[in-house]
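When a ligand or atom number is given, it counts from 1 through the structure's own listing order. Source: prediction; values computed, not measured. No hydrogens, no waters, no symmetry mates; every other heavy atom, side chains included, goes into these values.
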Amino acid sequence: MKLIIAVFIATILLPDVKGSRSLVFPAETSTSYVEMTPAKPLSLSAFTLCLRFATELTGEREVILFAYRTQYYDELNVWREIDGRLSFYLSGEGVFFKVPDLGPLENHLCFAWDSMTGQAMLYVNGKSSATKIYKKGHRVQSGGRVILGQDPDKYFGEFDAKQSFVGQIFEVNMWDYVLSPNIIQDLVAGKSVPQPTVLDWGTVMLNPTGNVVVL
Ligand code: CA
Ligand code: CA
């Protein structure tokens with residue numbers, strides 16, 4: 001009975017244990033990554049992809065923030081570029097966003113894209129970028145793998161340590177539609193938002209390989 005009560009109390013005190021998970025990549029490697037298993041295939045005509053991260057890597061190299069790789073393409077890869085811009089690539093040329101220096105502390109990012117209009121946007125800590133028009137009519141294809149920590153250049157591997165992620169990354173969530181600015185504000189503030197439809201950090205299976213610590 002005591003055990004049951006203890007479990008009950010722990011459940012009340014820790015309602016969001018899975019949602020508070022966090023990944024730490026302590027060192028630059030070409031071998032460490034975490035695979036995420038999506039709730040549905042990434043056959044997408046729109047998305048919003050959000051994450052929190054902190055890195056002490058300076059602007060001297062590219063940093064991969066998210067990678068979704070199919071057989072022949074980087075279907076959806078998110079980067080901090082060597083010049084500090086943030087970008088994403090849908091199997092080919094990317095779309096780039098100038099941002100203020102993000103610094104070494106935690107930042108919250110959301111990337112949103114819609115095929116119908118080609119609208120591409122970035123929110124940094126809830127503040128929106130200029131809207132870009134990018135890959136109107138394109139579709140993200142299913143059949144790939146989602147990883148954090150490395151940029152694959154083939155299916156599945158050819159990682160480059162000089163592009164790897166070093167630091168902490170968490171709350172990686174993805175919806176198969178464009179979230180409204182109001183919902184993104186709520187997300188940044190930690191309020192409740194619609195459950196992510198593609199990748200839900202609260203429930204998604206995280207499969208770490210190499211030197212990654214799951215906190
Ligand atoms: Ca690469
Ligand atoms: Ca690549």
### Message
Can you tell me which residue among Leu179, Asn173, Asp176 is in a side-chain contact (heavy atoms from CB on, under 4.5 Å) with Thr48?
### Response
Leu179
### Query
Of Phe47, Tyr73, Tyr68, which is the lone residue that meets side-chain contact (heavy atoms from CB on, under 4.5 Å) with Leu90?
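Passing option: Phe47.
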### Message
With carbon and hydrogen excluded and only N/O/S kept, which atom of Asp74 is nearest the Ca ion (ligand 2)?
### Response
OD2
### Heteroatom N/O/S of Pro152 within less than 3.0 Å of the Ca ion (ligand 2)
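Under 3.0 Å: Pro152 contacts the Ca ion (ligand 2) through an N, O or S atom.
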### Task
May I ask you to check if any N/O/S atom from Glu158 comes under 3.0 Å of the Ca ion (ligand 2)?
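No, Glu158 does not qualify, because none of its backbone or side-chain N, O or S atoms lies under 3.0 Å.
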### Modelled atom types, side-chain donor and acceptor of Gln119 and Thr131, under 3.5 Å
no
### Task
Kindly confirm whether the Ca ion (ligand 1) is within less than 3.0 Å of some N/O/S atom in Asp153?
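Looking at Asp153, which is the residue asked about, there is an N, O or S atom under 3.0 Å from the Ca ion (ligand 1).
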### Message
Is it the case that over 12 heavy atoms from other parts of the model lie below 6.0 angstrom from the OH atom of Tyr72?
### Response
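At most 12 heavy atoms, drawn from other residues, nucleotides or ligands, come within 6.0 Å of this atom.
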### Message
From the N, O or S atoms in Asp151, identify the one nearest to the Ca ion (ligand 1).
### Response
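When I compare the N, O and S atoms of Asp151, OD2 is nearest to the Ca ion (ligand 1).
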### Query
When you check the gap from the basic side-chain N to the acidic O, do Arg85 and Asp83 get nearer than 4.0 Å?
yes
